[in-house]
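Worksheet: one structure, shown below.
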Amino acid sequence: MPDFHTIFAIMIAALVTAAIRAGPVFFLARRHFPMILRNWLSFVPVAILSSIITAEVLSNKETTSSGLSVAFLATLTSFVVGLLTRSLFLTVVASIFSYLIFQNM
Amino acid sequence: MNLHIIKAEEMKLFFQGAIACIPTLLSYWAVGFACGAIGKISGFSLTEIALLSMFLYAGSAQFLFYSLAKTGADITHIACAVAFINMRYLLITAYMSQFFSHSSSTEKLIGGLMITDETFGVASSYAKKNKDELPFYWLFGLNLTAWVNWMLSTIVGCLFASILPGWLNYSLGFSLVGMFAGLLLLSWFVSHTRILDIIVMAIAILVILTTHNTINFNIATILSTITAATAGMLFLIWKPKRNA
């Protein structure tokens with residue numbers, strides 16, 4: 001039997017997230033962006049992905065027996081595999097397996 | 001007749017979008033499985049986990065929800081914390097809004113609601129490769145495939161939580177970083193400003209490193225994105241003038 005307090009909390013959290021996700025699309029879609037803003041936005045994907053990766057690596061405290069960050073080593077391996085193969089799928093596979101390997105080193 | 005041609009074109013775009021999602025599915029399943037399993041271990045029911053995946057549909061926010069709801073946090077606290085952790089979507093959907101200038105309200109609503117970090121990464125690479133065009137039906141195919149797989153993976157994770165040991169769940173969860181690394185590289189491979197992109201990446205990393213331990217990660221992510229993208233834009237303005 002689901003807890004109704006939890007279900008209500010889920011719906012509120014979902015509404016908040018929906019407003020954040022759909023709001024800018026609604027309010028900004030018909031606006032004409034000047035070139036300077038379009039240039040700024042063109043760097044958002046690279047900037048946000050780099051930020052999330054760094055934040056995720058820093059928040060992972062697991063280390064190898066020699067004291068190196070497991071997340072850092074696995075991320076490095078993923079990047080090397082991604083650069084060599086140009087494949088998203090293989091990069092993800094590399095991240096899982098390299099994390100498993102470094103976790104047990 | 002024309003209507004049939006339009007429908008066929010829309011279907012084709014939809015399936016192309018769905019196919020574009022396939023490389024991300026392994027990570028969706030790995031992270032989704034871990035998310036469902038951790039939810040189950042934290043004491044949430046299958047219905048609650050399925051509702052979270054269906055309506056909240058944001059991995060990091062779902063993990064946060066588990067820990068807050070488990071400790072008995074009130075609704076306002078949960079709403080504020082979820083808004084905070086999802087704040088980066090303001091930047092993501094501000095970027096995405098440029099592709100919806102000729103879209104209907106329904107398309108904007110669906111397109112906005114279903115966007116995730118991952119589909120944003122795939123979609124921005126597609127737009128870069130296709131002269132800044134992002135057809136709605138292509139995006140819908142991509143987003144719907146991601147959404148369905150996320151829901152299924154969390155449900156399966158919840159059902160089979162006891163099978164996998166905790167350390168393996170962590171390793172599966174780490175595939176999220178692998179996917180972001182892959183998406184970053186995909187975006188970089190098709191970029192026309194690769195050197196500037198490297199500078200932007202370096203600045204973003206530097207901001208996160210320097211604010212680490214002083215600022216909350218969610219604020220730091222927004223701050224670093226704004227700083228790095230502004231630096232990239234300024235370099236872009238400065239570069240043609242220097243060459244002139």
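Treat the numbers as computed from the prediction; the structure is a model and nothing was measured. Lettering of chains follows the sequences in order, A, B, ..., and the numbering in each one begins at 1.
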Give, as side chain, backbone, both or neither, the part of B:F55 having an atom under 4.5 angstrom from any heavy atom of chain A.
-> both
Is B:Y57 close to A:T17 at the side-chain level, that is, under 4.5 Å between some pair of heavy atoms?
-> no
Heavy-atom proximity to chain B below 4.5 Å, by part of A:V16 | side chain
Please flag which part of B:T24 lies under 4.5 Å from any non-hydrogen atom of chain A: side chain, backbone, both or neither.
-> both
Option in B:D197, B:D132, B:L196, B:V207 with maximal non-hydrogen atom pairs under 4.5 Å from chain A = B:D197
So which of B:L223, B:N213, B:L183, B:T227 has the biggest tally of heavy-atom pairs under 4.5 Å with chain A?
-> B:L183
Please look at B:L113 and chain A and tell me whether the side chain, the backbone, both or neither of the residue comes under 4.5 angstrom of a heavy atom of that chain.
-> both
Would you mind checking which part of B:F44 comes under 4.5 Å of any heavy atom in chain A, side chain (CB onward), backbone (N, CA, C, O), both or neither?
-> side chain
Using a 4.5 Å cut-off on heavy atoms from C-beta on, say whether the side chain of A:L49 contacts that of B:M201.
-> no
So does A:F72 have more than 12 non-hydrogen atoms from other groups sitting under 6.0 Å from CZ?
-> no
Pick whichever of B:L51, B:I222, B:D74 has the most heavy-atom pairs under 4.5 Å with chain A.
-> B:L51
Just give me the residue among B:G178, B:A79, B:A220, B:S97 that pairs up with chain A most often, heavy atom to heavy atom, under 4.5 Å.
-> B:S97
Per-residue contact mode, A:A94 against chain B (heavy atom under 4.5 angstrom) | neither
Side chain, backbone, both or neither: which part of A:M11 has a heavy atom under 4.5 Å from chain B?
-> side chain
Please state whether the side chain, the backbone, both or neither of B:I226 comes within less than 4.5 Å of a heavy atom of chain A.
-> both
Side chain, backbone, both or neither of A:S42 within contact of chain B (heavy atoms, under 4.5 Å) | backbone
Which bit of B:S105 comes within less than 4.5 Å of chain A, counting heavy atoms only: side chain, backbone, both or neither?
-> both
Applying a strict 4.5 Å limit to non-hydrogen atoms, the region of B:A181 in contact with chain A is both
Which one, B:F99, B:F65, B:W188, leads in non-hydrogen pairs under 4.5 Å with chain A?
-> B:F65
If one checks every heavy atom of A:A74 against chain B at 4.5 Å, the contacting part turns out to be both
Heavy-atom distance under 4.5 Å between the side chains of B:F189 and A:L83, does that happen here?
-> yes
Of the backbone (N, CA, C, O) and the side chain (C-beta and beyond), which part of B:S187 lies under 4.5 Å from a heavy atom of chain A, both, or neither?
-> side chain
Heaviest contributor of heavy-atom pairs below 4.5 Å to chain A, chosen from B:A202, B:A127, B:G182, is B:G182
Taking the side chain as every heavy atom from C-beta outward, state whether B:I78 and A:I12 have any pair of such atoms under 4.5 Å apart.
-> no
Taking the side chain as every heavy atom from C-beta outward, state whether A:I52 and B:R88 have any atom pair closer than 4.5 Å.
-> yes
Any idea which heavy atoms bring B:A204 and A:S50 closest together, and the distance?
-> CB-CB, 3.9 Å
Please flag which part of B:L186 lies under 4.5 Å from any non-hydrogen atom of chain A: side chain, backbone, both or neither.
-> side chain
Is any side-chain heavy atom of B:F174 closer than 4.5 Å to a side-chain heavy atom of A:T75?
-> yes
Got B:I92 and A:R21 here, is their nearest side-chain heavy-atom distance under 4.5 Å?
-> no
Measure the OG-CD1 distance between A:S51 and B:I208 for me, rounded to the nearest 0.5 Å.
-> 4.5 Å
Region of A:I36 that comes under 4.5 Å of a non-hydrogen atom in chain B | both
Is there a side-chain contact between B:L185 and A:F79, using heavy atoms and a 4.5 Å cut-off?
-> yes
Is it the side chain or the backbone of B:S101 that comes within 4.5 Å of chain A heavy atoms, both, or neither?
-> both
Atom group of A:V93 that falls short of 4.5 Å from chain B, counting heavy atoms = both
